[in-house]
Student: 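Got a structure here, written out as structure tokens. Questions coming.
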Amino acid sequence: MSELPKTYEPQLIEPRWYAEWMARGYFHADASAPKAPFAIVIPPPNVTGSLHMGHALGTTIEDIFTRWKRMAAYNAMWLPGTDHAGIATQMVVERELRETEGKSRHDLGREEFIKRIWAWRERTGDRILSQLKTMGHSLDWERLKFTMEPAYSAAVIEAFVRLYEEGLIYRARRLINWCVSCRTALSDLEVDYDEGVQGELYEFAYPLADGSGEVVVATTRPETMLGDTAVAVHPDDPRHRSKIGKIIKHPITGREFPIIADPVLVDPKFGTGAVKVTPAHDPNDFECGVRHGLPMISILDEMGVVNAEGGPFAGLDRWKARKAVKARLHELGLERGSKAHVHAVGHCQRCETVVEPMLSTQWFVKMEPLAQPAIEAVEQGKTRFVPESWSKTYFHWMRNIRDWCISRQLWWGHRIPVWYCARCREMTVARTTPTQCQHCGSGELTQDEDVLDTWFSSWLWPFATLGWPNETRELKTFYPTTVLDTGYDIIFFWVARMMMAGLHFMKKVPFRTVYLHTMVTDDKGEKMSKVKGNTIDPVDVIAKHGADPLRFALAWLTTHAAQGKNIKFSMGNVEDARRFANKIWNATRFALLNLEGFDADRFADRTADGPDRAEFDLPERWILSRVQRASEEIDKALEEYRISDAAQAVYHFIWDEICDWYIELAKAALLRADGNAEITANPEARWRIQGALVTALETAMRLLHPFMPFLSEEIWQQLPKPSGAPQSIMITLYPVRDVRFYDDASEASMALVQKVIVALRGIRADKNIHSATRVMALLSVNDDYKKTILEGYKTIIAEQGRCREVRVRRSGASLGGEFSLDHVATALAGDVEVMVPLEGLIDSGEEKVKLTRERAKLVSDRDYLARKLANPQFVEKAPAEVLERSRGKLAEVEIALAKIDEAIVRIGA
RNA sequence: GGGCGUUUAACUCAGCGGAAGAGUGCCACCUUCACACGGUGGAAGUCGAAGGUUCAAUCCCUUCAACGCCCACCA
């Protein structure tokens with residue numbers, strides 16, 4: 001046996017194993033393997049990205065699932081890849097270009113700029129992939145995909161063309177969200193609303209053209225009055241009814257437009273009851289404009305600067321124009337007031353610029369027909385959300401879905417496969433570049449300049465990565481995928497859209513289960529951000545503490561995600577996990593130092609059908625049974641996606657049961673077996689103790705492996721195993737319960753023994769007895785069964801409780817001469833009385849106070865239970881099991897009470 | 001304006017119908033031959049408030065309060 005270093009050093013073990021696993025091809029899943037498939041696709045991180053805690057959390061969860069299912073003999077495949085991330089990537093490369101060469105993308109031109117992006121990706125785009133490797137993730141790298149690679153692009157184009165041909169993609173001039181900084185259209189989802197921005201509700205008067213008066217309107221955006229083409233009032237509003245149909249003369253542009261009646265747009269209770277209508281710059285006004293056939297005048301250009309329609313204000317940006325318009329209205333004497341007004345303002349998700357509603361010709365996907373099957377699939381349980389409550393969020397969005405604007409005025413992305421004919425003006429939509437117009441045969445074709453929204457490629461991810469539109473073996477085996485893990489922040493962006501695309505193109509849901517994890521924040525619940533400087537970089541964490549502690553810390557914290565809650569993460573969590581790793585390391589050191597002469601084959605042989613109960617001593621029977629209980633509990637927790645519960649169960653099994661109890665019991669037993677103790681030596685006991693210890697540790701490592709792959713592998717390799725054992729823990733079987741090792745009787749006996757030991761230690765601590773001091777212990781029990789057990793394990797009790805002698809008697813039986821009744825410390829272990837004679841250390845007054853306090857508690861317990869059991873309603877209606885438990889408890893409490901009374905009497909005073 | 005969620009030990013969180021659990025922190029003791037990244041023992045909670053249902057409620061129902069999240073075009 002090689003000797004392990006004294007402390008766990010992740011840096012010494014982690015890098016080795018990843019390379020080894022890769023070399024042996026353990027991460028690769030063969031699509032033809034005759035095993036049940038288990039598939040996960042990674043939520044593709046942006047190529048521009050660097051690993052952050054959000055990635056670390058999600059991918060840790062995914063790797064836990066994958067490693068667990070792989071060990072459970074599934075054909076487990078976790079598909080890696082990256083997303084081209086249109087706007088984000090283009091912005092990063094543009095910034096670099098500006099900083100290094102002082103150029104804009106326009107200086108380079110489209111083709112050259114795209115070349116630069118590819119070069120940039122070549123240079124740095126793999127950073128996140130190597131970071132995922134340092135996490136220990138068992139991704140099937142042979143299947144690595146990128147959303148801009150040719151095969152994937154072909155899938156994107158295919159999807160576009162099919163939807164176009166089916167009438168589900170159309171081009172229209174509509175009011176869309178426009179970012180004046182990114183200079184592109186955005187989908188509704190890409191607009192973030194700042195809730196409760198303190199703004200101003202500004203009122204001004206529009207004079208009537210005939211000079212007969214004015215109408216006062218209220219607005220949060222005075223500058224848009226330059227594009228007004230109507231004023232609307234409610235048809236039933238007595239204040240304004242008479243003005244309907246009258247003409248307004250615009251005080252700045254001189255344009256004339258009508259006062260119209262619109263019960264949809266106007267809420268008579270709000271503002272002045274009259275609404276200025278700017279169809280080209282407000283979604284509601286746009287609808288109103290459509291209803292009334294109003295002219296739609298865009299007053300802003302793509303950079304948010306007032307255009308020629310703005311007359312004297314042309315050339316001012318929208319904020320300056322607002323001030324200028326207000327100043328002008330003031331000069332004209334038309335200002336009518338101003339109120340504070342709280343409202344929501346939309347910002348570009350990427351650059352935080354205030355988004356401008358703009359009239360623009362864009363491409364859209366008609367969503368309702370796609371949403372319907374996606375709603376039904378979840379209703380029918382074909383796809384299940386975990387936690388289930390997220391399905392409500394999903395349904396709500398799906399049932400109120402609106403068309404998706406998919407064209408972007410960017411260069412980096414999938415170019416829209418549409419060509420316009422210079423001669424007949426018709427469109428040709430094609431999978432490959434057409435040579436002539438479908439309609440007139442002309443060769444004068446120009447491709448649409450725009451690219452597709454990044455999410456238009458992402459929504460195909462679960463099947464485009466598996467070869468779609470070709471009918472591949474991969475699709476057959478791994479589609480639908482088993483689980484999708486992702487953060488709840490992209491349910492709409494990604495999950496819902498994948499559901500729609502999967503059902504539409506594949507006719508099957510893309511995944512059976514959607515596991516939604518929560519967001520990671522700092523320990524105060526603040527979102528981590530570089531600006532705030534509160535980020536914890538997983539790369540740094542790994543360098544300092546290793547990937548395993550990071551993974552374990554994240555798993556420990558991963559409880560079911562509730563709305564509005566998040567994971568508060570701190571380095572303390574990682575340090576705790578590292579301490580756990582160190583504990584495991586040292587438990588293994590202990591084992592390895594004590595395995596001399598151990599024959600794993602022999603042990604395996606002798607326990608093939610469970611341990612021989614006559615041959616194996618209590619601690620061994622107990623720990624071998626506990627191994628199986630832990631296996632059952634952990635496997636079940638994972639099956640139910642209770643990741644934190646699974647991690648905590650592994651933790652407690654290893655720390656509490658293996659380390660705190662079994663190793664302590666084994667230490668003493670090995671000493672006995674070696675004949676070093678004063679107790680009879682039993683050399684034959686050695687192999688059973690060694691075997692139980694190794695079994696417990698070896699099983700624990702397999703249970704731990706999905707959480708801490710490196711450490712578990714390293715330890716597992718060190719442990720002796722029967723010949724013919726696999727080469728790596730990765731290809732062993734995940735432990736599931738083996739009931740042949742279950743041993744209720746041993747667990748009950750051990751529980752009793754443990755209680756007595758804890759009571760003894762309690763007395764020692766209470767009386768401040770030094771650990772070197774051996775005491776006498778007298779145990780008083782009420783039944784022969786317990787007496788037999790405690791008699792049988794006196795040695796263990798003595799060793800763990802540091803006693804020089806342990807005596808067990810039936811209650812009331814003779815104490816034996818050397819016990820002095822005046823100087824006995826008493827504690828209860830359930831209904832077993834534990835007494836330690838302590839000449840000179842007992843203050844009988846103090847002792848009495850302590851016992852009396854305990855008695856009061858017992859009396860209250862007894863009364864409560866007795867009252868309950870005296871209640872006929874309870875006896876009649878409570879389930880038998882509950883009744884039984886209450887009766888048992890009452891009996892125990894009564895015995896304990898009797899014992900305490902005896903003790904109080906004994907003390908006298 | 002709708003919808004959802006949270007409120008349990010000092011902190012962070014599990015539990016969700018049978019008289020409350022974990023990790024950290026705290027207190028006392030221990031340099032016991034795997035580990036001081038440790039051991040042993042302990043203190044600590046009217047389970048947000050008020051009603052109701054039930055033999056029984058932290059857990060179910062109602063109302064309220066505080067906090068948080070999502071959706072929505074109210075000028």
Student: Does a side-chain N or O from A:Lys6 land closer than 4.0 Å to OP1 or OP2 of B:rC35, or not?
Tutor: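 Result: yes.
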
Student: Run A:Arg589 and A:Asn586 through side-chain hydrogen bond (donor to acceptor under 3.5 Å, both in side chains) and show every step you take.
Tutor: CA-CA 5 Å; A:Arg589 281 186 71 228; A:Asn586 279 288; 3.2 Å; yes

Student: Let's see if you can work this out: which of B:rC55, B:rC35, B:rA19 has an atom nearest to the side-chain heavy atoms of A:Asn871?
Tutor: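 Between B:rC55, B:rC35, B:rA19, the one nearest the side chain of A:Asn871 would be B:rC55.
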
Student: Looking at A:Asp523, A:Asp576, A:Ile536, which hits side chain to side chain contact (heavy atoms under 4.5 Å, CB included) with A:Met571?
Tutor: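 In the set A:Asp523, A:Asp576, A:Ile536, the residue that makes a side chain to side chain contact (heavy atoms under 4.5 Å, CB included) with A:Met571 is A:Ile536.
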
Student: Hey, is the side chain of A:Arg402 poking within less than 4.0 Å of OP1 or OP2 on B:rA72, counting only N and O atoms?
Tutor: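 Yes, such a contact exists.
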
Student: Rounded to whole angstrom units, what separation is found between the CE atom of A:Met519 and the C1' atom of B:rG68?
Tutor: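 Computing the A:Met519:CE to B:rG68:C1' distance gives 14 Å.
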
Student: To the nearest Å, how far apart are A:Lys527 NZ and B:rC69 P?
Tutor: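 About 11 Å, once rounded to whole Å.
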
Student: Just to be sure I understand the rule, does A:Thr518 reach a base, reach only the sugar-phosphate, or reach nothing, if contact means heavy atoms closer than 4.0 Å?
Tutor: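 No contact.
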
Student: Whole angstrom is fine here: how far is it from CZ in A:Arg764 over to P in B:rG39?
Tutor: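 So the two atoms are 18 Å apart, to the nearest Å.
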
Student: Rounding to the closest angstrom, what is the interatomic distance between B:rA22 and B:rG41 at atom P?
Tutor: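 The same atom, P, in both gives a distance of 13 Å.
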
Student: Tell me: OH of A:Tyr488 to P of B:rC4, nearest whole Å?
Tutor: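 So the OH-P distance, A:Tyr488 to B:rC4, works out to 17 Å.
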
Student: Report the C-alpha separation of A:Glu223 and A:Arg322 in whole Å, then their side-chain angles, then the decisive distance to 0.1 Å, and conclude whether the salt bridge (charged side-chain N to carboxylate O under 4.0 Å, His left out) test is met.
Tutor: CA-CA 4 Å; A:Glu223 74 281 10; A:Arg322 177 172 301 177; 2.8 Å; yes

Student: Is it true that, when you exclude A:Lys767 itself, more than 12 heavy atoms of the residues, nucleotides or ligands shown sit nearer than 6.0 Å to its NZ?
Tutor: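 Yes, the 6.0 Å shell around NZ holds more than 12 heavy atoms from other groups.
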
Student: Would you kindly give the CG-to-C1' distance between A:Asp656 and B:rG21, to the nearest whole Å?
Tutor: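 Distance, rounded to whole Å: 13 Å.
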
Student: Looking only at the side chain of A:His652 (C-beta and beyond, no hydrogens), which of the listed nucleotides B:rA22, B:rA36, B:rA75 gets closest?
Tutor: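 From the listed options, B:rA22 comes nearest.
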
Student: Students often mix this up, so state it plainly: with edges at 30° and 60°, are the rings of A:Trp556 and A:Tyr651 parallel, tilted or perpendicular?
Tutor: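 A:Trp556 and A:Tyr651: perpendicular rings.
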
Student: RNA chain B: A:His770 or A:His396, which has the more 5' nearest nucleotide?
Tutor: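 Mapping each residue to its closest nucleotide by heavy atoms, the 5'-most match is A:His770.
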
Student: To the nearest Å, give me how far apart CH2 (A:Trp585) and P (B:rA36) are.
Tutor: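 Whole-Å distance recorded here is 15 Å.
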
Student: Quick check against the 3.5 Å criterion: does A:Glu698 have a side-chain atom that pairs as donor or acceptor with the backbone of A:Pro720?
Tutor: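 Judged by distance alone, no pair lies under 3.5 Å.
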
Student: Report the nucleotide, chosen from B:rA75, B:rU24, B:rC71, that has the shortest atom-to-atom distance to any side-chain atom of A:Asp576.
Tutor: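 For A:Asp576, the side-chain atoms sit closest to B:rU24.
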
Student: Out of B:rC30, B:rG38, B:rA34, which has the shortest distance to the side chain of A:Asn586?
Tutor: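 Out of B:rC30, B:rG38, B:rA34, the nucleotide with an atom closest to A:Asn586's side chain is B:rA34.
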
Student: Within the structure shown, what part of the strands sits under 4.0 Å from A:Phe580 by heavy-atom distance: base, sugar-phosphate, or nothing?
Tutor: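 If one applies the 4.0 Å heavy-atom cut-off, A:Phe580 turns out to touch nothing in the nucleic acid.
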
Student: Give the nucleotide from the list B:rA75, B:rC4, B:rG41 with an atom nearest to the side chain of A:Val275.
Tutor: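 For the A:Val275 side chain, the nearest candidate turns out to be B:rA75.
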
Student: Checking contacts here: which listed nucleotide (B:rA19, B:rC37, B:rG39) is nearest the side-chain heavy atoms of A:Asp861?
Tutor: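 Nearest nucleotide to the side chain: B:rA19.
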
Student: Let's see if you can work this out: which of B:rA75, B:rC37, B:rC29 has an atom nearest to the side-chain heavy atoms of A:Asn768?
Tutor: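 Of the candidates, B:rC29 comes closest.
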
Student: Please confirm whether the ring centroid of A:Phe257 lies under 6.0 Å from the ring centroid of A:Tyr206.
Tutor: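 Under 6.0 Å, so yes.
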
Student: Mark yes or no for a side-chain to base donor-acceptor pair under 3.5 Å between A:Glu664 and B:rA34, with no hydrogen or angle criteria applied.
Tutor: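 For A:Glu664, whose side chain was compared with the base of B:rA34, there is a donor-acceptor pair (under 3.5 Å).
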
Student: Angle class for the A:Trp397/A:Phe492 ring planes (parallel below 30°, perpendicular above 60°, tilted otherwise)?
Tutor: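 Correct class here is parallel.
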
Student: Looking only at non-hydrogen atoms, find the nearest pair between A:Met708 and A:Ala581 and report the distance.
Tutor: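 What the structure gives for the nearest pair is CE-CB, 4.2 Å.
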
Student: In this structure, how many angstroms lie between the P atom of B:rG5 and the CD1 atom of A:Ile491, rounded?
Tutor: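 Nearest whole value for this atom pair: 13 Å.
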
Student: Less than 4.0 angstrom between a side-chain N/O of A:Trp655 and OP1 or OP2 of B:rG39, yes or no?
Tutor: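 Answer is yes, contact under 4.0 Å.
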
Student: State whether A:His234 places a side-chain N or O below 4.0 Å from either non-bridging phosphate oxygen (OP1 or OP2) of B:rA75.
Tutor: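 A:His234 to B:rA75 OP1/OP2: no side-chain N or O under 4.0 Å.
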
Student: Over all heavy atoms of both residues, which pair between A:Gly525 and A:Asn566 is shortest? Give the atoms and the distance, please.
Tutor: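 A:Gly525 and A:Asn566 have their closest heavy atoms at O-ND2, 4.3 Å.
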
Student: Looking at the side chain of A:Val758, which of B:rC30, B:rG41, B:rG38 is the nearest nucleotide?
Tutor: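 Among B:rC30, B:rG41, B:rG38, the one nearest the side chain of A:Val758 is B:rG41.
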
Student: Show me the dot-bracket string of RNA chain B, counting Watson-Crick or G-U pairs under 3.5 Å, with | for pairs to another strand and [ ] for crossing ones.
Tutor: ((((((((.[[[[.)..(..]]]].(((((.......))))).....[[[[[..)....]]]]])))))))....

Student: Compare side-chain N and O positions of A:Arg761 against OP1 and OP2 of B:rG41 and report whether any pair is under 4.0 Å apart.
Tutor: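 Indeed, a polar side-chain atom of A:Arg761 lies that close.
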
Student: Is it true that atom NZ of A:Lys850 has more than 12 heavy atoms of other residues, nucleotides or ligands lying nearer than 6.0 Å?
Tutor: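 Check passes, neighbour count above 12.
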
Student: Between protein and nucleotides 6-18 of chain B, map the contacts as a letter string: B base, S sugar-phosphate only, - none, heavy atoms under 4.0 Å, written 5' to 3'.
Tutor: S-----SSS---B

Student: Of the nucleotides B:rA34, B:rG23, B:rA72, which one has an atom closest to the side chain of A:Tyr651?
Tutor: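 Among B:rA34, B:rG23, B:rA72, the one nearest the side chain of A:Tyr651 is B:rG23.
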
Student: On a plain distance test, is the side chain of A:Lys583 in donor-acceptor contact with the base of B:rC37 below 3.5 Å?
Tutor: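 No.
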
Student: Mapping A:Glu575 and A:Lys269 onto RNA chain B by nearest heavy atom, which one lands closer to the 5' end?
Tutor: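 Taking each residue's closest nucleotide, the earlier one in sequence belongs to A:Glu575.
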
Student: In sequence, state the C-alpha distance, the side-chain angles, and the governing distance for A:Phe270 and A:His234, and then conclude on ring-ring contact (aromatic ring centres under 6.0 Å, His included).
Tutor: CA-CA 11 Å; A:Phe270 189 90; A:His234 195 93; over 10 Å; no

